[in-house]
Amino acid sequence: MIEIEHVSKWFGDFQALKDCSLNVEQGEVVVVCGPSGSGKSTLIKCVNALEPVDEGRIVVNGIEVTTRRTNLPKVRAKIGMVFQHFELFPHKTVIENVTLGQIKVLNRSAEEAREKGEQLLERVGLADQAEKYPAALSGGQKQRVAIARALAMDPVAMLFDEPTSALDPEMISEVLDVMVQLAQEGMTMIVVTHEMGFASKVAQRVVFMDQGEIVEVQETDRFFKRPETDRAQYFLSRIL
Ligand code: ADP
Ligand code: MG
């Protein structure tokens with residue numbers, strides 16, 4: 001579903017990604033971890049074509065995203081992305097946040113979009129918040145709206161970039177619960193997170209990055225029990 005092939009990327013003289021390769025199967029959940037600055041966000045932004053790559057290619061669901069010919073808004077919509085800081089439209093209500101993209105990018109009718117939006121708000125436990133503005137919601141609620149908004153576009157895969165790291169502790173599980181459910185329903189997901197409980201519960205594999213490199217890709221249990229590299233071992237000893 002997601003093929004990352006020999007991707008390298010520079011910011012000026014600084015190489016942020018070094019020959020990164022990774023294949024994610026349909027329905028697979030892959031957790032990406034690693035120290036701050038290791039290139040995790042840059043990698044998943046490349047998958048969503050929010051950052052161009054300098055070398056290599058990325059193909060999602062058969063469509064190369066690393067080419068100029070691709071219709072980027074449409075491709076981006078099909079690869080749902082949820083960031084650390086819920087980037088909701090502040091001047092739109094919750095239901096408008098989850099219907100706008102459907103109408104503008106997918107050309108759905110207002111009615112159809114609303115029906116889909118309401119279903120998704122129900123699914124993330126926010127049916128009763130539809131007419132509120134984002135400012136009136138808690139962080140955990142905003143993040144669940146962000147997930148519903150991404151799902152409204154019928155994505156073929158979902159990318160999460162530290163979706164819980166800006167949340168108060170008591171709100172983390174309400175967001176993780178939605179993500180676990182999504183994983184169990186078979187969504188293909190790449191999740192940058194240090195929530196290792198989440199990783200052991202739903203991830204098939206864990207990717208460890210350091211200094212722009214994919215250092216290690218392991219089955220989840222194996223990664224926690226016996227990481228192969230010293231760098232991963234050291235990282236785990238610091239966060240567990
Ligand atoms: P992570 O998400 O693992 O913390 P990032 O992918 O955000 O790491 O960043 C990897 C490296 O690339 C960091 O050293 C960061 O400073 C650098 N970087 C990220 N975005 C930019 C940018 N737009 N311009 C210059 N350097 C950047
Ligand atoms: Mg990051």
Side-chain angles (χ1 to χ4, degrees), residues 1-84 105 150 153-163 179 182-183 186-194 198-199 202-223 227-232 235:
M1 177 60 76
I2 301 172
E3 299 162 81
I4 301 171
E5 295 171 1
H6 299 291
V7 165
S8 291
K9 178 172 180 63
W10 283 261
F11 292 111
D13 291 339
F14 175 76
Q15 189 170 3
L17 294 177
K18 300 174 184 163
D19 194 25
C20 292
S21 294
L22 176 72
N23 281 333
V24 181
E25 302 296 321
Q26 176 155 16
E28 190 181 19
V29 178
V30 171
V31 157
V32 179
C33 63
S36 175
S38 56
K40 307 179 297 295
S41 296
T42 304
L43 183 69
I44 67 166
K45 280 185 193 156
C46 289
V47 174
N48 207 19
L50 290 171
E51 288 281 2
V53 307
D54 294 309
E55 286 174 7
R57 66 203 281 268
I58 301 177
V59 178
V60 180
N61 199 26
I63 296 169
E64 182 175 351
V65 300
T66 42
T67 156
R68 291 219 182 89
R69 284 187 300 272
T70 306
N71 177 349
L72 286 181
K74 233 177 188 139
V75 166
R76 279 190 196 126
K78 286 290 164 194
I79 310 167
M81 177 119 181
V82 176
F83 299 92
Q84 179 174 359
V105 182
M153 309 303 278
D154 292 328
V156 295
M158 289 281 289
L159 312 174
F160 293 86
D161 192 359
E162 303 203 35
M179 292 168 62
L182 204 53
M187 180 62 78
T188 307
M189 296 164 53
I190 300 182
V191 184
V192 177
T193 186
H194 293 154
F198 171 82
V202 295
Q204 278 82 39
R205 290 185 296 159
V206 176
V207 171
F208 172 71
M209 291 185 73
D210 194 17
Q211 296 180 12
E213 278 177 80
I214 293 183
V215 174
E216 191 162 337
V217 183
Q218 288 283 4
E219 283 179 23
T220 305
D221 288 348
R222 173 102 201 269
F223 180 76
E228 217 156 68
T229 58
D230 291 344
R231 284 197 269 181
F235 174 76

Q: Quick one: list whatever passes side chain to side chain donor-acceptor pair (under 3.5 Å) with Thr229, sequence neighbours left out.
A: Glu216
(Q) Enumerate the salt bridge (Lys or Arg N to Asp or Glu O under 4.0 Å) contacts for residues 11-33, please, sequence neighbours excluded, ordered by first and then second residue. (A) Glu28-Arg205
Q | Trace of the side-chain contact (heavy atoms from CB on, under 4.5 Å) decision for Val31 with Thr193 | A | CA-CA 7 Å; Val31 157; Thr193 186; 4.0 Å; yes
Q.
Just verifying a value: how many Å separate Met189 CE and Met1 CE, rounded to the nearest 0.5 Å?
A. 13.5 Å
Q: Would you name the heavy atoms of Pro155 and Ala150 that are closest together and state the gap between them?
A: CD-O, 3.4 Å
(Q) side-chain contact (heavy atoms from CB on, under 4.5 Å) for Val7 and Ile58? Distances and angles first, verdict last. (A) CA-CA 8 Å; Val7 165; Ile58 301 177; 3.7 Å; yes
(Q) To the closest 0.5 Å, what do you measure between OG1 (Thr67) and CG (Leu72)? (A) 8.5 Å
Q.
For Gln204, I'd like to know if atom CD has over 12 heavy atoms of other residues, nucleotides or ligands within 6.0 Å.
A. yes
Q: Kindly give the heavy-atom pair with the smallest separation between Thr66 and Gly56, and that separation in Å.
A: OG1-O, 4.4 Å
Donor-acceptor pairs under 3.5 angstrom involving side-chain atoms of residues 206-215: please list them, not counting sequence neighbours.
from   : atom 1 : to     : atom 2 : distance (Å)
Asp210 : OD2    : Arg231 : NH1    : 3.2

Q. Going from CD1 on Ile79 to CD1 on Ile63, what distance comes out if it is rounded to the nearest 0.5 angstrom?
A. 8.0 Å
**Q.** Sequence-distant partners of Asp161, side chain to side chain donor-acceptor pair (under 3.5 Å), two or more places apart
**A.** Ser41
Q: Give every residue pair that meets the salt bridge (Lys or Arg N to Asp or Glu O under 4.0 Å) criterion with at least one member in residues 29-55, sequence neighbours excluded.
A: Lys9-Glu51
Q: Given side-chain contact (heavy atoms from CB on, under 4.5 Å), test Glu228 with Arg222 step by step and report yes or no.
A: CA-CA 9 Å; Glu228 217 156 68; Arg222 173 102 201 269; 3.6 Å; yes
Q. Can a salt bridge be assigned to the pair Glu3 and Arg57 using a cut-off of 4.0 Å between side-chain N and carboxylate O?
A. no
Q.
Do Phe235 and Pro227 make a side-chain contact, defined as non-hydrogen atoms from C-beta onward lying under 4.5 Å apart?
A. no
Q.
Can you give me the closest heavy-atom contact between Ala49 and Val65, atom names plus distance?
A. CB-O, 3.9 Å
(Q) Can you tell me how far apart SG (Cys46) and CG (Leu159) are? Round to the nearest 0.5 Å. (A) 11.0 Å
Q: Would you check if Met179 and Val191 make a side-chain contact, meaning some heavy-atom pair closer than 4.5 Å?
A: yes
Q. How far does OG of Ser36 sit from NE2 of His194, to the nearest 0.5 angstrom?
A. 8.5 Å
Q) If you take all heavy atoms of Ala203 and Thr220, which pair is closest and at what distance? A) O-OG1, 2.5 Å
Q: State the CD1-OG1 distance between Ile2 and Thr188, to the nearest 0.5 angstrom.
A: 6.5 Å
Q. Got a donor-acceptor contact below 3.5 angstrom from the Gln15 side chain to the Leu17 backbone?
A. yes
Q.
Testing the basics here: between Ser38 and Pro35, what is the closest heavy-atom pair and its distance to 0.1 Å?
A. OG-O, 2.6 Å
Q. With sequence neighbours excluded, what pairs up with His6 under the ring pair (Phe, Tyr, Trp, His ring centres under 6.0 Å) test?
A. none
Q: Start with the C-alpha distance between Met81 and Leu50, add both sets of side-chain angles, then the distance that settles side-chain contact (heavy atoms from CB on, under 4.5 Å), and finish with yes or no.
A: CA-CA 10 Å; Met81 177 119 181; Leu50 290 171; 4.2 Å; yes
